[in-house]
Amino acid sequence: MTATFYATTPIFYVNAEPHIGHAYTTILVDVAARYHRLAGDDVRFLTGTDEHGEKIAKAAEAAGTTPQAYVDQVSQQFRDTWDRLGITYDGFIRTTESRHQKIVQDVLQRVYDQGDIIYGEYGGLYCVKCERYYTEKELEDGKCPQHDLEPEYRSEANYFFRMEKYRPWLKEQLETNPNLIRPEGYRNEVLAMLREPIGDLSISRPKERVPWGIPLPWDEDHVTYVWFDALLNYWSDLESQGLDDRYWPHVQHFIAKDILKPHGVFWPTMLKAAGIPLFQHLNVHGYWLVEDRKMSKSVGNVVRPLELEQRYGNDAFRYFLLRDMSFGLDASFHELGLAERINADLANDLGNLLNRTLGMLGKYRSGVVPSFGPLTAEDEALRDAFTSLPNAVMREVEGLHFDRALAMVMEAVAAANKYVSDQKPWELAKDEAQSERLDTVLRGCLEALRCASILLDPVMPGKMQELRAQIGVSGDVILDDASHWERLEAGSATEPGEPLFPRVDLEALKATMDVAGGSEEASEAAAPALEHKPEITIDDFAKLELRVGTITAAEDHPNADRLWVLTVQVGPETRTVVSGIKAHYTAEQLVGTTVILVANLAPVKLRGVLSQGMILAAEDAEGNLSLAGLDRSLPDGSEVR
RNA sequence: GGCGAUGUAGCUCAGCUGGUUAGAGCGCACGACUCAUAAUCGUGAGGUCCGGGGUUCAAGUCCCCGCAUCGCUACCA
């Protein structure tokens, strides 16, 4: 009896090139899919690209091309990357495909017809100066708390999905099914979101503003905004091919934690409204925290994991990613950690087991696979260590504990190394009377390698096939082959080759990291083009009144923990300025500092404190701040022009 | 401020429903072996399980109060 496995990655937004985040999710699903295929399950693995929206239309324009040509190109880039990483997706869906668009429209129409999509007359009380809506509660005496203005009633010209209506239902689903979202921490987060109203969801944009999208079937002036377009891919891919009966009942999604809300809240309510059964699992993983190299923080200094994939090889890279992250938690990505993992597990333990086995086999048995003699207790222990693994490994894979699954296999490999030391084939070889014993020991090592190669095949498909080739096994394998000990053919020839996983020279690596400090790559990181604002005239600029000021005090904001309430001396005037630089400057650093103040900015209340001006600071792409000042001392109050 | 996560050996982390002297891998020290990619095998050193209270016969594991780091969020004129 075979099971069915249908897993998805998110479809990736094509406004940027693939990076480690995309790659990790995709590799994860690939590994899971490969394990299930190995187990004989009916598998479907879906990925794809999300190709609509304003950003893409603009990016295409900037690139001097049409949106379609643009998304064709970037989507292809994703597929090229997946090919390089050995991703075996069964389906690749693009939101610009007509099969997808048609189904999105069908579903929208259905949900609309049953009254769950309404025109956005919600609107509400809108403060023109703030450019935002206020709830009754937020207003002070019916007026905007910032501008003391009477807000006006406005309605957005959008359609809304009545999501709030399904909140109790979703809550109940989560409460009755603890495995719906896993690991548990993320389930709790979603439950927390559902404790308070989730509101209705804006699902459209005016076509005149965003022409690059799927038109609403009942209103050609609006296009679908992201959610119904993107999320429905998981369903549309199946339905458009008549595969929904076969796979949908088994669907599970894999995502990174940053898109928990759309998948944990929006998506299930959308499914409910559309009359589509809920998914089985939403599997949420953490981030790879990619650390800066030593010292410098300059751009381009960052280790780019996908470059390391090419340097260390795809299989080793996949192994590292799966082995060193426990599902759901964040993990840190160090090149040194990757290298150490490769040496310890792959080169020293597994690779060397192959090497020493084939070495002895060549020396003592001309490289020919021997037969087993009678098995001793030690032989049986080794056998059992491996043949019990397929079930255990699958169990861990199903529970998303890929790290544990791999650790279990490597434990068995370590046991095989110990077996070699204990049995000492090199001594058996010296005694003709021990010939059968030597056969048995060498054969045991070969079987261990064969089993390991199957158990690790989903993670390192290329290298494991290579391993099997070296021990004389060709063709496809199935997981069950690893449950049996005597699957090699006695008398067949082995074909020793290059070491499977060359050791990484850690000393040399450390040396380059110390010396380079990242500078080598810094220069080649092309700075992205600057985005410019509309040109202004000198008269526009003259409207600004910039003055030198001195910070005389910095106090905590009573009602916000990321804001400073600064007292700034500007000549004869003393101003209060609320500033969001608390994460970057301490009070000690600020007091006495000379700053440049926008002195004629309209005062504004920020969380209850009146701010009379704004302090200038520079901010880089990574969010680092530096206050603008003067390079020689001038009295405060001086004007800056 | 609200919500949440994390904090266990030098490093990376396991420790499910509380139960014998707290674990693994790497690194380190010493020893063994020599078939092997200076690999392997064995032994050992090393921990106030963030801190403080509490519940219990018993707490890394449950409760309360803190601290630190991170994330989301409010906010950043």
Side-chain angles (χ1 to χ4, degrees), chain A residues 129-130 138 146 183-186 188-193 195-196 257-258 260-261 286-287 289 323-326 328-334 336-364 399 401 403-404 406-407 410-411 413-429 438 441-442 445 496 498-506 556-564 577-584 597-598 601-609 611-617 619 623 625:
Chain A
K129 288 218 170 161
C130 299
E138 289 173 304
Q146 294 219 354
E184 199 186 358
Y186 295 105
N188 292 338
E189 268 190 51
V190 173
L191 277 168
M193 293 175 198
R195 277 203 291 270
E196 289 178 17
K257 65 183 185 181
D258 58 328
L260 177 60
K261 192 169 183 180
Y287 292 147
L289 308 173
R323 178 65 186 81
D324 272 40
M325 175 179 273
S326 74
L329 302 176
D330 292 348
S332 32
F333 192 107
H334 294 251
L336 200 57
L338 168 64
E340 283 175 348
R341 184 59 85 185
I342 290 173
N343 280 357
D345 289 9
L346 301 182
N348 295 353
D349 286 357
L350 179 60
N352 189 47
L353 178 64
L354 173 68
N355 208 41
R356 67 199 301 210
T357 300
L358 291 184
M360 289 186 283
L361 197 71
K363 203 175 290 183
Y364 309 140
H401 301 296
D403 54 333
R404 287 190 212 165
L406 295 180
M410 292 314 300
E411 242 175 74
V413 169
N417 274 316
K418 181 171 164 49
Y419 173 82
V420 175
S421 322
D422 289 347
Q423 302 306 318
K424 300 183 172 56
W426 50 93
E427 286 186 5
L428 298 175
L438 177 61
V441 169
L442 293 176
C445 293
E498 290 297 300
L500 212 50
F501 299 100
R503 279 180 61 81
V504 180
D505 185 340
L506 292 182
D556 293 334
H557 192 292
N559 202 18
D561 55 349
R562 274 160 66 170
L563 304 181
W564 280 121
V577 175
V578 177
S579 182
I581 57 176
K582 200 162 181 179
H584 303 89
L597 182 83
V598 183
L601 195 65
V604 113
K605 245 189 198 177
L606 292 173
R607 288 194 77 77
V609 174
S611 182
Q612 306 159 304
M614 160 183 181
I615 284 173
L616 299 187
E619 181 177 14
L625 277 196

- prompt: When you compare B:C28 with B:C11, how far apart are their C1' atoms, in angstrom units rounded to a whole number?
  reply: 12 Å
message: Nearest to the side chain of A:S326, heavy atoms from C-beta on, is which of B:U40, B:C35, B:A14?
response: B:A14
- prompt: Just how far, in rounded Å, is P of B:G25 from CG of A:D349?
  reply: 10 Å
statement: The nucleotide from B:G4, B:C26, B:U40 with an atom nearest the side chain of A:E189 is B:G4
message: Whether A:R404 contacts B:A24 is assessed here as follows: a side-chain N or O lying under 4.0 Å from the phosphate OP1 or OP2. Is that the case?
response: no
- prompt: Base, sugar-phosphate, or nothing: which does A:V578 touch, judged by heavy atoms less than 4.0 Å apart?
  reply: sugar-phosphate
field: Rounded distance (Å) that lies between atom P of B:A32 and atom CG of A:D422
entry: 17 Å
A:N352 CG - B:C35 P separation (whole Å): 13 Å
message: Suppose you measure atom C1' in B:A58 against the same atom in B:A45; what distance do you get, rounded to whole Å?
response: 30 Å
Spacing between A:M614 atom CE and B:C75 atom C1', to the nearest angstrom: 15 Å
- prompt: Between the side chain of A:N343 and the main-chain N/O of A:V504, is any donor-acceptor distance below 3.5 Å?
  reply: yes
message: Work out how far the C1' atom of B:C50 is from that of B:C33, and round it to whole angstrom.
response: 44 Å
message: Taking the nucleotide of RNA chain B with the nearest heavy atom to each, does A:Y287 or A:G351 sit closer to the 5' end?
response: A:G351
message: Within the 4.0 Å heavy-atom criterion, would you say A:L500 contacts the bases, only the backbone, or no part of the nucleic acid?
response: base
Short side-chain N/O contact to B:A36 OP1/OP2 from A:K363, under 4.0 Å: yes
- prompt: How close or far is atom P of B:G71 from atom CG of A:L260, stated in whole angstroms?
  reply: 17 Å
Between B:G1 and B:U8 - C1' atom distance, rounded Å: 31 Å
Nearest non-hydrogen partners of A:G580 and A:L563, listed with the distance: CA-CD2, 3.6 Å
field: Gap between atoms CG and P, on A:D345 and B:A24 respectively (whole Å)
entry: 16 Å
message: If I take atom CZ in residue A:F501 and atom P in nucleotide B:A39, what distance separates them, rounded to the nearest angstrom?
response: 17 Å
- request: For nucleotides B:A68 and B:A29, find the distance between their C1' atoms and express it as a whole number of Å.
  value: 34 Å
task: Please work out if A:G286 contacts a base, only the sugar-phosphate, or nothing of the nucleic acid, heavy-atom cut-off 4.0 Å.
output: nothing
- request: Using Watson-Crick or G-U wobble geometry with both distances below 3.5 Å, tell me the partner of B:C57, or none.
  value: B:G19
query: When we call it a touch if two heavy atoms are under 4.0 Å apart, what does A:P499 touch: a base, just sugar-phosphate, or nothing?
result: base
- prompt: Paired with B:G4: which nucleotide, if any, by Watson-Crick or G-U wobble criteria at under 3.5 Å for both distances?
  reply: B:C70
message: Within this structure, what is the CG-CZ distance for the pair A:L354 and A:F501, rounded to the nearest 0.5 Å?
response: 9.5 Å
field: CG-CG distance between A:L350 and A:D345, expressed to the nearest 0.5 angstrom
entry: 9.0 Å
- prompt: Expressed as a whole number of Å, how far does the P atom of B:G60 sit from that of B:A9?
  reply: 15 Å
field: From CG (A:L406) to CD (A:E411), nearest 0.5 Å
entry: 12.0 Å
- request: Return the nearest nucleotide to the side chain of A:K418; candidates are B:U37, B:C41, B:C26.
  value: B:C41
- request: Under a 3.5 Å limit for both distances, which nucleotide forms a Watson-Crick or G-U wobble pair with B:G46, could you say?
  value: none
statement: Between A:M360 and A:L563, the residue closer to the 5' end of RNA chain B by nearest nucleotide is A:M360
- prompt: Does the base of B:A36 carry an N or O that pairs as donor and acceptor with the side chain of A:N355 under 3.5 Å?
  reply: no
- prompt: How far, in whole Å, is B:G19 from B:A59 if one measures between their P atoms?
  reply: 11 Å
query: When you measure from the side chain of A:D324, which nucleotide among B:U12, B:U40, B:C35 comes out closest?
result: B:U12
- request: For A:E340 and B:C26, give me the distance from atom CD to atom P, rounded to whole Å.
  value: 10 Å
- request: Any chance you could measure A:L506, atom CG, to A:I342, atom CD1, to the nearest 0.5 Å?
  value: 9.5 Å
query: Taking atom P in both B:C63 and B:C13, what distance in whole Å separates the two?
result: 24 Å
- line: Partner of B:A77 under the Watson-Crick or G-U wobble criteria, both distances under 3.5 Å, comes out as none
- prompt: Nearest to the side chain of A:E427 - B:A14, B:C35, B:U34?
  reply: B:U34
query: Which value, rounded to the nearest 0.5 Å, describes the distance between A:R356 atom CZ and A:N417 atom CG?
result: 5.0 Å
task: Please work out if A:A414 contacts a base, only the sugar-phosphate, or nothing of the nucleic acid, heavy-atom cut-off 4.0 Å.
output: sugar-phosphate
message: For the OH atom of A:Y287 and the CG atom of A:D258, what is their distance to the nearest 0.5 Å?
response: 4.0 Å
- prompt: OP1, OP2 of B:C35 versus side-chain N and O of A:T357: anything below 4.0 Å?
  reply: no
task: With a 3.5 angstrom cut-off on both distances, give the Watson-Crick or G-U wobble partner of B:G25, or none if there isn't one.
output: B:C11
- prompt: For A:R503 and B:A39, is the shortest distance between a side-chain N/O and OP1 or OP2 below 4.0 Å?
  reply: yes
